[in-house]
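Owing to the predicted nature of the structure, the values given are computational and were not obtained by experimental measurement.
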Amino acid sequence: MLDKAYNPQAVEDALYKKWEESGAFRPESCDPKGEPFTIAMPPPNATGQLHLGHAVMLALQDIFTRFARMRGKKALWLPGTDHAAIATENVVIKKLQKEGMKDPRKELGREKLVQTIAEFVEESKATIRGQVRKMGASCDWTRERYTFEPTLNRAVNEVFCKMKNDGLIYRGHRIVNWDPKLQTTVSDDELVYKEEKGAFYTFQYGPFQIGTARPETKFGDKYVVMHPKDKRYSKFKHGDSFDAEWINGPVRATVIKDESIDMEFGTGVMTITPWHDHTDFEIAERHGLEKEQIIDFHGRLLDVAGEFKGMKIDEARPLIVGKLASKGLLVKTDENYVHNKAVSQRGGGSIEPQIKLQWFIDVKKQVVPWKGQKMSLKEIMHDVIHHGDIKIIPDRFNKTYFHWIDNLRDWCISRQIWWGHRVPVWYCGKCVDEKGKSKEVISGEWLVASTATHHSPLTTNHCPDCGSSMDQDSDTLDTWFSSAMWTWSTLLDPQKAADPALSLAEMLKSSPDFQKFHPTSVMETGYDILFFWVARMILMTTYATGQIPFKTVYLHGLIRTRDGRKMSKSDPDTMIDPLDMIAKYGADALRLSMIVGQSPGNDSRLYEEKIAGYRNFINKLWNASRFVLMQCEEKGVDPKKVVSGQWSVDSLSLADRALLHSLQTLIADVTSGLETYDLSATGDRLYSFVWDFFCDWYLELSKGEANPEVLVHALRTILQLLHPYCPFVTEELWSHVGLKGAQSLIAHPWPKEEKKLHDESAFADLHVIIETVTAIRRLRAENDIEAGKKITVFIHSKKQVALLTSQQEHLLRMTNAESLTIDAKSAKHENAASAFLADIEIHLSLAGLFDPVKLKASLLKEQADLSKYVTMLKGKLSNNSFTDKAPQELVDAEKQKLEAAEEKLKKIEERLLGITG
RNA sequence: GGGCAAUUAGCUCAGCUGGCUAGAGCGCCACAUUGACAUUGUGGAGGUCACUGGUUCAAGUCCAGUAUUGCCCACCA
């Protein structure tokens, strides 16, 4: 027999082990004829701990996967981890610094640092694996992948090479976001803007007044820009030059007219610093202007700053302003100027735009074959969503996505960190152009490892042209470059990927998993990485494989604290650790608490009471099962031998028939709910079915007459339907009630709706009984009759005498009544409390306890409510527009409502007349 | 500046394509305790569905506007 309470700790780990060892997570265990269903698990960063964000994605994806598996699909959920380039390198460097190393990069050197990080990552991966298992995730561990493993490196190199050959990857001096703290570039999406209050200065610059919040960048300024239509400056012509006294002496400046200038802002004139500002850079590019670096890569001023050379920006700024002021060039200072400062999302440091020689992906070049045309990466990304090849849930994110695509600039993919896929490019020192130092890099100077047939890893680092040894590009690739290939690179056959003779297309073609499982079915992830990752997977996958990466994108929201704050590591009080919650309440309870009541794309709040509530539900299910087993024992029935459906129809009680009916609608609802990814409502449906119907009514009725076969059948169906949500408790219970010899629940087929078990009238009849019982109980409570005291009840009903009589044993037991009289004719009852349903009147004899005042008051209130209701209905039905235009069924339904309400009202009024005193 | 969302019981949220005397969980009040379950049961109280207009026979549900909150994007020197 089961324990009194469910103890998740006692069963979860063992069950998981059993599943995993049985091979149940592998698609090979599924029906070989089943259609494939694939989810690529978003790889957690291999930096450390599982948090609630992971927990919610694991819960959702596990539900999708288990449902698909039970429905006979060949389900593959492929797990893995991400090397998370910048984040991981950063974590390890900080760790080393904490341990006393001053500058780990210098002290260890590239090779050793990478080695150290790799070791750290291995440990971290092991932690993550354990945590994913704790959640009950039914992913195929035999196919686990890592974004920085050799197979994926091969994919990265191949795609890089292909893009380079297609002219989609180029190397150039462009303005990039430089993070002086982390000493690397970061992409546009890795910036966050922080509002900052600071000074805004206006300086005299020759005949103009110019405004700036960044005087320290102004040393090299030699262009003033204004709008061509600005009448104030119409006497200055484009290309005019003039002399001006400036920070370190006189300069000669040139007038530039450009339409990007906002005439309303400040004086409508500005000087530009193309090296350190995106907009200025674009202006300079448009007009072919000179660019000069002012600030070095450590955030210090260069030679051009003269006496300020070598100073940090923050210390130099006030001194520069002071100097200009002393020259009489400071016109005014606005101290309360608010501007947005770009900050690195990872490192938190200020971003300094710099011009740097970097690698970029061209998103506008129309060279990619797609749907029979040549399109740009941008266009393809737009197309697949626009034409519904990929569906985003919720669809409002389409709009955000399109907006992002529209503003997308070329993607800077090179990083100056050491941890990550190396840019697969070698340089031959000898073959370098004579003008070697020229800033514009040209093709021919470099060689991709494998321009033609020999693919990386390069077997030799000798230059194919001159034979001398070459150096590899020292940069690594943006971590999203490899993450973007996740759906398909993980399906490559590692052996094929290790074969240098194969091209990318050949590798894909000869990898069985790729052929079988790609495109994947669903990509489930947080909406916060729609741009970072989802969009880039679309870019990379359509380009590299000619396929979409996934058919559906399901975006979940963020988990917040009870009061709506973001959970953050810096504020431990706000953090809920999923592992703690699992230890305390079980994985099933945690899963439900993150799924039910949540809708895709919306943030949700989680707090411990919520999890405890679902723990209670799990326990309820446990005890319901316990009851079923007890009933079986009592009747001498072995639950494991019960064959569903093998009961004689005559033996079925009203409750049995109503239950079988409602199980069919439940199966239909849950199936369609899961098919349409409506997890919240479906979870809620199951919750209330189990608790409010199965436990509260069916099991209670079973205490009068139990049918063990039906009990077992119903419980099995419930366990099956709940299994995707709560895999552990359902599997554990299944081991007690599942048919002997049947598969584990995880591998068990999904229940099918059986039309022949539908029985609307039984269901309706049961509701009459339920309402009657509830009404009697209410009378009891309202009249303060102790629960233990036996009562005498009279029921009168025109139409339901047969039904009520047939169920009178239940009525007696469930209301703890001593005597029950049921007849069709209404009768007067003195000293009785009364309640009225549509066609049923109930009188509770209260000899000695009868309180006419109380009864009158309650009947009067009900009378008032009912009259209002009747008036409303009458108004509706006497309105011709309503009866003419509303659908006939609705009008009929309203008529019936009115009839019932009027009848009830009449009864109440009669009873009121009968109350004396 | 542009966009997206939210605003329903004390709290957290459901309420799909308009038909609801507006629901759930938690909390609250009253009662109940020897066998499924106190991680419980029974009954109850709690809401002019942010505001203003409009469409409609009918609006929490659709439209427009307002207010408040949150998020995303862009960015002005």
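Base engagement by A/Asp262 is indicated by at least one non-hydrogen atom pair under 4.0 Å involving a base atom. Backbone-only contact: A/Lys399 has heavy atoms under 4.0 Å from sugar-phosphate atoms and none from a base. Residue contacts for A/Lys566: at a heavy-atom cut-off of 4.0 Å it reaches no nucleic acid atom on any strand shown. Among the protein residues, A/Ala213 comes within range of the sugar-phosphate backbone only, with heavy atoms under 4.0 Å from sugar or phosphate atoms but none that close to a base.
Salt bridge annotation for A/Lys391-A/Asp395: absent, with no cationic side-chain nitrogen under 4.0 angstrom from a carboxylate oxygen.
Listed nucleotides: B/rU56, B/rG43, B/rU40. Nearest to the side chain of A/Thr774: B/rG43.
Rounded to a whole angstrom, the distance from the C1' atom of B/rA67 to that of B/rG25 is 30 Å. Comparing B/rG60 with B/rG18, their C1' atoms are spaced 10 Å from each other, to the whole Å. B/rC49 and B/rA9 have their P atoms separated by 10 Å, with the value rounded to a whole Å. Nucleotides B/rA24 and B/rC62, compared at atom C1', are 26 Å apart to the nearest Å. Of the C1' atoms belonging to B/rA14 and B/rG47, the separation is 15 Å, rounded to the nearest Å.
Pairing each heavy atom of A/Thr217 with each of A/Asp221, the nearest pair is O-OD1, 3.6 Å.
A cation-pi arrangement is present between A/Arg562 and A/Tyr607, with the terminal nitrogen or guanidinium carbon under 6.0 Å from the aromatic centre and inside a 45° cone about the axis.
An anti orientation is assigned to B/rG27, its glycosidic angle lying beyond 90° of 0.
Rounded to whole Å, atom C1' of B/rU21 lies 9 Å from atom NZ of A/Lys868. Counting to the nearest Å, the P atom of B/rC26 and the NZ atom of A/Lys610 are 13 Å from each other. Rounded to whole Å, the distance from CZ on A/Arg777 to P on B/rA30 is 21 Å. When the P atom of B/rA74 is taken as reference, atom OH of A/Tyr193 falls 6 Å away, rounded to whole Å.
In this structure, A/Gln9 places its CD atom where more than 12 heavy-atom neighbours from other residues, nucleotides or ligands lie under 6.0 Å away.
A ring-centre distance under 6.0 Å is found for A/Phe397 and A/Tyr527.
Between the side-chain ring of A/Tyr869 and the base of B/rU21, a stacking contact exists by the 5.5 Å and 30° definition.
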